[in-house]
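Everything on this sheet refers to the single structure shown next.
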Amino acid sequence: LLLAFSTSMSCFFFGFSCRGGEKEETVILIDEIHSRWESTLREFNRQEFGMMAENNYHMFLEYISHFHKTYVVTDDNQNSSVRGVTTLHEKALSKRFFDSFKGKRVILILKCFTRYPSDEEVNTTVQFVKNGGNILFIGDHTDVFFMDTYVNKVSKRFGIEFMTNAVYVPTDGWPVTDKRNMRYHPVTQYMDRFVWATSDVLRLSGNAFPLILSPLASYTDQANYFNNYFFGDTMFKPENSMGVHAIMAAAEYGKGKVAAWSDSTCFNNELMFTVDRRGLLSGIFSWFSHAKYINPFPVVAIVVLIILVWYLLQFRINLSWLMLLWLILGVIAGWMLSIGLNNILYPPQKPQTQLPNRVLFDESHQPANPLTMGNMDQMLGEDSYERFFYNLGRCKYYPEINYRYLLTKTRLMNASAREAGTVSCLIIVTPRSNFFKREIEGIDGF
């Protein structure tokens, strides 16, 4: 009984949900009506340079369009330059517009708002989620261009508020999160670690819950509207909040779901193919692409607890170390069971159209030159390979980085379990550790 109770509670705690409902075709809508920053419609080719070439979402759009039919909604005459993406010209997010996608599971991406949505648009969007729609909110640090102020008009209806601050770590590097900072959930199950540029804090209420927390001992810095991009003094002060803060969150509302991301820079052309962007998007699409679920484990846990209490009272049994052992075993069993069930019921999203062959960089042998880890100076410095990733994206390749796996033949022929496809080029960068015999054989076979 103790084992059953603790297993059930652990499955609930680790975020397992039981699948239900028929799977429908998933489509993605990107709202450009309210956004004039990090555009998905702007071209990114070998002649495009400068700030607006880096700070746009062309590669983000091109990448996600391989997984689901994608539409960009805009109120101007511009059309998408990404093949296979449909541009829809609308003046507002209306009920008529959402009704045109009936029978499909819709993922609406509300990113980088630079103007207020109308009250009617807000109410229509909330009803869209209540009826089974899904929203990915993308905001940014320090209320830059007031995008958090604008997007909060919608996100607060789901218990998620983007704060007007930035999150830093005391080392002055870029914040890095890993499994220790992530709630186990279908959204995060394919992520190992993530490098952030600058996020803000998400204040949560109602049914909203955190998915990723900032590293331990991070601190916040309030926006200063007199500085460029609203950055504060980027120094720790007594009035700044110190500790862990929610920097990605989610909520379920009616029949739909929402997720909120607090660092828009992570998906621009400059950083799109750095640490674990693909794992994050795979988890988001997997969670959104299924109907809302009923979690049976809390009910099972309550029933078992009632039986357990009755059993203890009936036979006057005292708790002992043996029972504590069963509780611990139950927690471990629940943890393993929830991971296994999530992996079965939320499989990684597979591309519907073929992705380009991969260019795989090896970081598992401790390269002397930084790839995409380390502090800001390393990542964007003259010794970094960040420019190489950026320009590979410009040439329509999707670079991938091997952080920890052995370079075996199996790994090289299918570099990631999440996406089918072989590696076309392996790049070994200034290694500082030895290769195992299996790796040498694998590379030779490749």
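Nothing fancy with the numbering, it's 1 onward along the sequence.
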(message) Tell me whether Thr188 contacts the main-chain N or O of Arg183 through its side chain, where contact means a donor paired with an acceptor under 3.5 Å.
(response) yes
(message) Donor-acceptor pair, distance only, cut-off 3.5 Å: does the side chain of Asn55 make one with the backbone of Met52?
(response) no
(request) Could you list all the salt bridge (charged side-chain N to carboxylate O under 4.0 Å, His left out) pairs where at least one residue sits in residues 150-167, not counting sequence neighbours? (result) Asp119-Lys153, Glu161-Arg203
(request) Would you please name every residue forming a ring-ring contact (aromatic ring centres under 6.0 Å, His included) with Tyr57, sequence neighbours left out? (result) Phe60
Determine all donor-acceptor pairs shorter than 3.5 Å in which one atom belongs to a side chain in residues 80-88; sequence neighbours excluded.
from, atom 1, to, atom 2, distance (Å)
Ser80, OG, Val82, N, 3.1
Ser81, OG, His58, ND1, 3.4
Thr86, OG1, Lys69, NZ, 3.0
Thr87, OG1, Ser80, N, 2.9

(message) Has Asn227 got a side-chain atom pairing as donor or acceptor with Phe231's backbone, closer than 3.5 angstrom?
(response) yes
(message) Under a 3.5 Å distance rule, please check whether Asp143 uses its side chain to pair with a backbone N or O of Thr149 as donor and acceptor.
(response) yes
(message) So, using side-chain hydrogen bond (donor to acceptor under 3.5 Å, both in side chains) as the criterion, who are the partners of Lys95 when residues are at least two apart?
(response) Asp99
(request) Look at the side chain of Asp263 and the backbone N and O of Ala197, then say whether any donor-acceptor pair between them is shorter than 3.5 Å. (result) yes
(request) Verify, without hydrogens or angle tests, whether Asp140 (side chain) and Asp148 (backbone) share a donor-acceptor contact under 3.5 angstrom. (result) no
(request) Sequence neighbours left out, what passes side-chain hydrogen bond (donor to acceptor under 3.5 Å, both in side chains) with His68? Give chain and number order. (result) Gln349
(request) Please confirm whether Phe145 and Tyr150 have ring centers closer than 6.0 angstrom. (result) no
(message) Main chain of Ser94, side chain of Thr124: is a donor-acceptor contact present, judged purely on distance under 3.5 Å?
(response) no
(message) Among residues at least two apart in sequence or on other chains, which ones pass ring-ring contact (aromatic ring centres under 6.0 Å, His included) with Phe361?
(response) Phe388, Phe389
(request) Before accepting this row, confirm whether a basic side-chain N of the pair Arg358/Glu400 lies closer than 4.0 Å to the acidic partner's carboxylate O. (result) yes
(message) Does either side chain, that of Gln127 or that of Asn131, offer a donor lying less than 3.5 Å from an acceptor on the other one?
(response) yes
(message) Please enumerate all residues that pass side-chain hydrogen bond (donor to acceptor under 3.5 Å, both in side chains) together with Trp196, with sequence neighbours excluded.
(response) Thr177
(message) Does Arg193 qualify as a cation-pi partner of Tyr403, given the criterion of NZ or CZ under 6.0 Å from the six-membered ring centre and within 45 degrees of its axis?
(response) yes
(request) Using atom types as modelled and distance alone, determine if a side-chain donor or acceptor of Thr74 lies under 3.5 Å from a backbone N or O of Glu32. (result) no
(message) Once ring-ring contact (aromatic ring centres under 6.0 Å, His included) is applied, do any residues pair with Phe146, and if so which ones, sequence neighbours excluded?
(response) Tyr225, Phe230
(request) Keeping to residues at least two apart or across chains, list the salt bridge (charged side-chain N to carboxylate O under 4.0 Å, His left out) pairs with something in residues 52-64. (result) Glu54-Arg387, Glu62-Lys396
(message) Heavy-atom count check: over 12 atoms from other residues, nucleotides or ligands less than 6.0 Å from Phe209 CZ?
(response) yes
(message) For the residue pair Asn402 / Asp362, report whether a side-chain donor-acceptor contact shorter than 3.5 Å exists.
(response) yes
(message) Aromatic contact between Phe113 and Trp37, with the criterion being ring centroids under 6.0 Å apart: yes or no?
(response) no
(request) May I ask you to check if Arg105 and Phe288 form a cation-pi contact, with NZ or CZ under 6.0 angstrom from the six-membered ring centre and within 45° of the axis? (result) no
(message) I'd like to know if Glu363 pairs up with Arg404 as an ion pair, taking the criterion as any Lys NZ or Arg NE/NH1/NH2 lying under 4.0 Å from an Asp or Glu carboxylate oxygen.
(response) no
(message) Against the six-membered ring of Phe194, is Arg277 placed for a cation-pi contact (under 6.0 Å from the centre, within 45° of the normal)?
(response) yes
(request) Check the surroundings of atom CD in Glu120: do more than 12 heavy atoms from other residues, nucleotides or ligands lie under 6.0 Å from it? (result) no
(request) Answer yes or no: is there a donor N or O on one side and an acceptor on the other, between the side chain of Glu121 and the main chain of Leu93, under 3.5 Å? (result) yes
(message) My understanding is that only residues two or more places apart in sequence, or in another chain, count here; which of them pass salt bridge (charged side-chain N to carboxylate O under 4.0 Å, His left out) with Asp75?
(response) Arg36, Arg115
(message) I need the Ser286 OG to Phe67 CZ distance, nearest 0.5 Å.
(response) 11.5 Å
(message) Is it the case that atom NZ in Lys179 sees more than 12 heavy atoms from other parts of the structure closer than 6.0 Å?
(response) yes
(request) Tell me, please, which residues at least two apart from His89 pass ring-ring contact (aromatic ring centres under 6.0 Å, His included). (result) none
(request) Please check if atom CG in Leu216 has more than 12 non-hydrogen atoms from other residues, nucleotides or ligands closer than 6.0 Å. (result) no
(message) Going by side-chain hydrogen bond (donor to acceptor under 3.5 Å, both in side chains), name the residues that satisfy it together with Asn391, two or more places apart in sequence or in a different chain.
(response) Arg394
